[in-house]
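Here the structure is a predicted model, which is why all the values come from computation and not from measurement. So that the names make sense, note that chain A is the first sequence line, chain B the second, and so on, each numbered from 1.
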There are 2 protein chains.
Amino acid sequence: MEKQNNLSKNQQIIFDLIDKSSEPMKAYSILFNVQKKGIKAPLQVYRALDKLVKIGKIHKIESRNAFIACQNSSCQISKATAFSICESCEKVSEISNSKLSKYLSNFVDEAGMKYNKYNLEFFGLCKKCKST
Amino acid sequence: MEKQNNLSKNQQIIFDLIDKSSEPMKAYSILFNVQKKGIKAPLQVYRALDKLVKIGKIHKIESRNAFIACQNSSCQISKATAFSICESCEKVSEISNSKLSKYLSNFVDEAGMKYNKYNLEFFGLCKKCKST
DNA sequence: CTTATAAATGTTATATTATTACATACTGTT
DNA sequence: AACAGTATGTAATAATATAACATTTATAAG
């Protein structure tokens with residue numbers, strides 16, 4: 001177990017749930033799962049999610065409106081994220097590829113603009129789904 | 001004006017609106033704007049949007065739940081999309097950079113998996129916002 | 001032309017995702 | 001102890017998206 005800095009009660013409960021999950025979790029599914037722990041309202045969930053995203057403990061999968069725990073131990077802030085999404089089974093993994101992240105972090109567009117943040121989602125069929 | 005293949009009545013109305021807009025449009029803002037043309041229900045909007053996305057006439061900006069017209073005349077299908085998003089004024093542009101799209105289309109992850117589709121969103125400050 | 005099929009439409013209701021507003025409490029300083 | 005910043009609790013509601021069902025229009029094959 002790595003040290004879990006400074007998370008508040010609700011943040012910790014919600015992070016633990018997402019971290020244990022094998023798939024991205026949606027906000028209301030999280031809510032349902034933490035009601036026994038006393039978190040009763042959507043806003044309590046969204047507030048914790050916002051904070052966890054901000055500090056990089058979780059990422060939002062934008063195309064799915066769902067959240068996964070950061071799988072990259074060195075990731076502190078969600079500034080440069082890339083995900084692999086299986087269009088069949090909906091399995092999502094975080095991609096940690098230093099060549100890719102270097103390439104994208106250094107990308108300069110036609111107008112000479114540099115970016116301080118990006119999010120990339122790849123779609124395809126995972127190994128398992130491809131073979132069936 | 002380029003030829004607008006095969007769009008149905010509702011699709012054409014909604015495409016025209018999005019195409020004229022200088023910023024990404026949200027579904028319910030679209031709905032509001034086309035009510036005078038007889039499109040009364042959310043579902044009518046969402047169905048047209050789905051189709052327009054499928055055929056590549058528009059793209060969804062996932063992080064904003066909004067839609068913009070394809071700015072790349074050669075783009076037939078929304079298989080490989082990249083956008084520049086200003087975090088201050090929310091201006092969004094489509095990035096057409098052949099090196100970038102080649103790089104991403106050919107990307108193979110650690111597990112040897114190739115993808116048939118990707119969506120990339122870059123965030124930063126546009127020229128105008130940076131200078132103020 | 002007519003039959004079959006796919007695509008699009010219209011309509012009502014409802015599900016899902018997310019935020020506003022306001023009151024209170026906890027945590028870590030100085 | 002006083003302050004500032006962060007977190008919590010609660011109710012209400014806004015914003016985004018889909019399900020289900022009935023009907024119509026467009027396209028193509030015989």
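A nucleotide of DNA chain D counts as in contact with chain B when one of its atoms lies under 4.0 Å from a heavy atom; the first and last such, 5' to 3', are D/dT16 to D/dA20. When DNA chain C is scanned in the 5' to 3' direction for atoms under 4.0 Å from non-hydrogen atoms of chain A, the outermost contacting nucleotides are C/dT17 to C/dA21.
Residues meeting the salt bridge (charged side-chain N to carboxylate O under 4.0 Å, His left out) test with A/E23, sequence neighbours left out: none. In this structure, the side-chain hydrogen bond (donor to acceptor under 3.5 Å, both in side chains) partners of B/S8, at least two apart in sequence or on a different chain, are B/Q11. Legend: residues meeting side-chain hydrogen bond (donor to acceptor under 3.5 Å, both in side chains) with A/R47, ordered by chain and number and at least two apart, are absent.
The closest donor-acceptor contact from the side chain of A/S105 to the backbone of A/K102 lies at 3.5 Å or more, if one exists at all. The backbone N or O of B/C70 sits nowhere less than 3.5 Å from a side-chain atom of B/E94 that would complete a donor-acceptor pair.
Centroid-to-centroid, the aromatic rings of B/H59 and B/F67 stay 6.0 Å apart or farther. Side-chain rings of B/F122 and A/F107 approach one another, their centers coming within less than 6.0 Å.
Within residues 37-48 of chain B, the residues approached by DNA chain D to less than 4.0 Å at the level of any non-hydrogen atom are B/L43, B/Y46, in residue-number order.
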(request) Would you please test B/Y115 and A/S84 for side chain to side chain contact (heavy atoms under 4.5 Å, CB included) and show each step? (result) CA-CA 8 Å; B/Y115 299 91; A/S84 155; 3.0 Å; yes

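Under the 4.0 Å criterion applied to side-chain N and carboxylate O atoms, B/R64 and B/E121 are not assigned as salt-bridge partners.
The nearest pair of heavy atoms linking B/C86 to B/C126 is SG-N, 3.3 Å.
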